[in-house]
Amino acid sequence: MKKSIREKISGRIIIVGVMMFFASVALSYGLFIPKMEQDAVNGAGDTNAEVIKTIDRQIAFVQDYTENLALSVAQNQEILRYFEIPSTQAKNVASLHLNNLISYEGTVRCVLIADESGVMLDSLNKVEKEDRELVKSKWYKKLRSTTYGRGVSEVYQVDINNTSHYTAAYLKNFYYGNKKYTDTVFMDLNDMIRDFQVLAGKQLDYAAIADSEKKIFISVGDKKWEKQAVVAAASDQMNTLEAVAGGTGFVKTSLNSKWRVISYVADKTIFMSFPFMSLGL
C-alpha cells in the first residue's frame, strides 16, 4: 500500500528531528563538555587553594601572636629578672607572669622561652613531653643558632585527656636588650583539621596535608590515591595541576609555612558534576 503524502512528510520530519537531536548532542560534546569539564577541574583547584588559605590564616595568627607576646615579655621585669638571676622562686614568679600574658584563644596551647645559655621558662599550661622533646630536635637547635631564625616545625600528636591533639610549633628569635631569646609557641591544629576534613571531604575524592618536612599528617578520601600523594608531597615541585591515571591531581604549597595540600578528583566525579548527569540524562 502506498504511503500517503501526510505519512511521507511525517516520516521525514521524524528523521530530520532525530538527525538534529544527534547533531545537537555531538555539538554539545564538542563545545560544552570541555568547558564544563574545565569548570569542574577549576572548582576542585579552588578547593585546594581554599585549604591553603585556611592554613595560612592559622600560621599568620600565631606569627602575629608571637610578635605581640615578645613585646609584652620585653616590658615584664619579673620575666627578664629570672633570666638574669635564675632561681626556683624567680622561675615560679616569672612563669605566673608569662601565663598571665598569654591569651590562648583555642589555638595556642603553650609557650616556651629560652635564652642563649639554655635557661628556659614555660607558661605552666599544657606543656607536654612531646613539646619538650621538640626543643631537643635538630630543627629547634638549627633555628635557635641563627641570628633572626624563625620557622614552623613538623606536625606531631600529643595526647591530652585521652584526646589526640595535632600540634606544630612556631619559633622565632628575639632580642631583649643585648640578649637573644628564643620564643616557641605551640599551636593546636585540631580545629583547622576539622575545617579541612569538611571542606575537602565534600569537594574532592582525596586530599592530604604535608608539613614542612614533606610528611603527610592528615588525609581524607579514597586511599587508592595515597601512594601518589606521598610522592607528590616529597616532590620539589611546589605547585602543580596534572592529569593522572583516572583523574586530575593538584599540589599547592604555602609560601609561609611550606606546608602543601595534595588532592585528587576522579574523572568519574568530574563527569557526574555535569548538569545533565545530575538530572539522570
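FYI, side chains are in, hydrogens and waters are out, and symmetry mates aren't considered; it's all heavy atoms of this structure. This is a predicted model, so every value here is computed, not measured.
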Tell me who clusters with L255, hydrophobic residues only, linked when side chains sit under 4.5 Å apart either directly or through other members.
M238
Measure the shortest side-chain to side-chain distance between Q197 and I193 over non-hydrogen atoms and say whether it is less than 4.5 angstrom.
yes
Salt bridge or not between D56 and K53? Use side-chain N to carboxylate O under 4.0 Å.
no
Side-chain contact, heavy-atom cut-off 4.5 Å: I59 with S254?
no
Which atom pair, heavy atoms only, marks the closest approach of W139 to G151?
CZ2-O, 3.5 Å
Give the other cluster members for I85, using side-chain heavy-atom distances under 4.5 Å between Ile, Leu, Val, Met, Phe, Trp and Tyr residues; answer none if it is isolated.
none
Please report the interatomic distance OG1(T107) to CG(D188), rounded to the nearest 0.5 Å.
7.5 Å
Take V152 and K258 through the side chain to side chain contact (heavy atoms under 4.5 Å, CB included) test and state the conclusion after the steps.
CA-CA 8 Å; V152 181; K258 305 304 180 187; over 6 Å; no
Contact summary for G201 and V220, nearest pair of heavy atoms
N-CG2, 4.3 Å
So do Y170 and R150 actually touch side chain to side chain, heavy atoms under 4.5 Å?
yes
How about S263 and N48: does a side-chain donor come under 3.5 Å of a side-chain acceptor?
yes
No-hydrogen, no-angle side-chain donor-acceptor test under 3.5 Å, S123 and N99
no
Just checking, any donor-acceptor pair under 3.5 angstrom between side chains of D183 and T66?
no
Salt-bridged, R81 to E78, with N to O below 4.0 Å?
yes
Would you call Q203 and D46 a side-chain contact if the rule is heavy atoms closer than 4.5 Å?
no
Would you compute the distance between atom NZ of K268 and atom CG of D205 and round it to the nearest 0.5 angstrom?
9.5 Å
Only one of D211, T167, D131 forms a side chain to side chain donor-acceptor pair (under 3.5 Å) with Y156, so which one is it?
D131
Taking atom NZ of K252 as the centre, does the number of heavy atoms from other residues, nucleotides or ligands within less than 6.0 Å exceed 12?
no
How would you list all residue pairs meeting side chain to side chain donor-acceptor pair (under 3.5 Å) that involve residues 229-242, not counting sequence neighbours?
K214-D236
Quick one about S117 and D115 (side-chain donor to acceptor, distance below 3.5 Å, no hydrogens or angles considered), yes or no?
yes
Give, for atom CG of L134 and atom NZ of K129, the distance between the pair rounded to the nearest 0.5 Å.
14.0 Å
Rounded distance (nearest 0.5 Å) linking atom OG1 of T184 with atom OH of Y140
4.5 Å
Shared hydrophobic cluster, V230 / F217 (ILVMFWY, side-chain heavy atoms < 4.5 Å):
no
Closest non-hydrogen atom pair, N173 against T147:
CB-O, 3.7 Å
Heavy-atom pair with the smallest gap, counting every atom of F83 and I79:
CD1-O, 3.3 Å
Qualifying residue for ring pair (Phe, Tyr, Trp, His ring centres under 6.0 Å) with Y181, from F174, Y82, Y176:
Y176
Are any of the side-chain heavy atoms of R194 and V198 separated by less than 4.5 Å?
no
Supply the atom-to-atom distance C110 SG to D122 CG, rounded to the nearest 0.5 angstrom.
8.0 Å
Co-membership, hydrophobic cluster, residues V251 and W259, 4.5 Å side-chain:
no
So, taking the atom named OG in S145 and the one named NZ in K180, what distance separates them when rounded to the nearest 0.5 Å?
6.5 Å
Is it possible for you to say whether I52 and M187 belong to one hydrophobic cluster, with membership spreading through side-chain heavy-atom contacts below 4.5 Å?
yes
Ignoring hydrogens and angles, tell me if any N or O in the side chain of S72 forms a donor-acceptor pair with the backbone of N68 under 3.5 Å.
yes
Quick check: is V185 connected to Y175 through a chain of hydrophobic side chains (ILVMFWY, heavy atoms under 4.5 Å apart)?
no
More than 12 non-hydrogen atoms from neighbouring residues, nucleotides or ligands closer than 6.0 Å to NZ on K142, yes or no?
no
Please indicate whether R144 has more than 12 foreign heavy atoms, meaning atoms of other residues, nucleotides or ligands, lying under 6.0 Å from its CZ.
yes
Inspect the surroundings of NZ in K223 and state if more than 12 heavy atoms from other residues, nucleotides or ligands are less than 6.0 Å away.
yes
V244 vs W225 side-chain heavy atoms within contact, under 4.5 Å:
yes
Could you report the tightest heavy-atom contact between N190 and Y166, atom names first, then the distance?
OD1-N, 2.8 Å
Taking the side chain as C-beta and beyond, is there a heavy-atom pair between L98 and S95 under 4.5 Å?
no
Please report the closest heavy-atom contact between Q157 and E130, naming both atoms and the distance.
O-CG, 3.9 Å
Checking V265 against F250 for the side chain to side chain contact (heavy atoms under 4.5 Å, CB included) test, could you report, in this order, the C-alpha distance in whole Å, the side-chain angles of both residues, the deciding distance, and whether it holds?
CA-CA 9 Å; V265 59; F250 308 83; 3.7 Å; yes
Could you tell me if the side chain of K172 sits less than 4.5 Å from the side chain of Q63, heavy atoms only?
no
Is there a chain of hydrophobic side chains (I, L, V, M, F, W, Y, each step under 4.5 Å between heavy atoms) that links L199 to Y264?
no
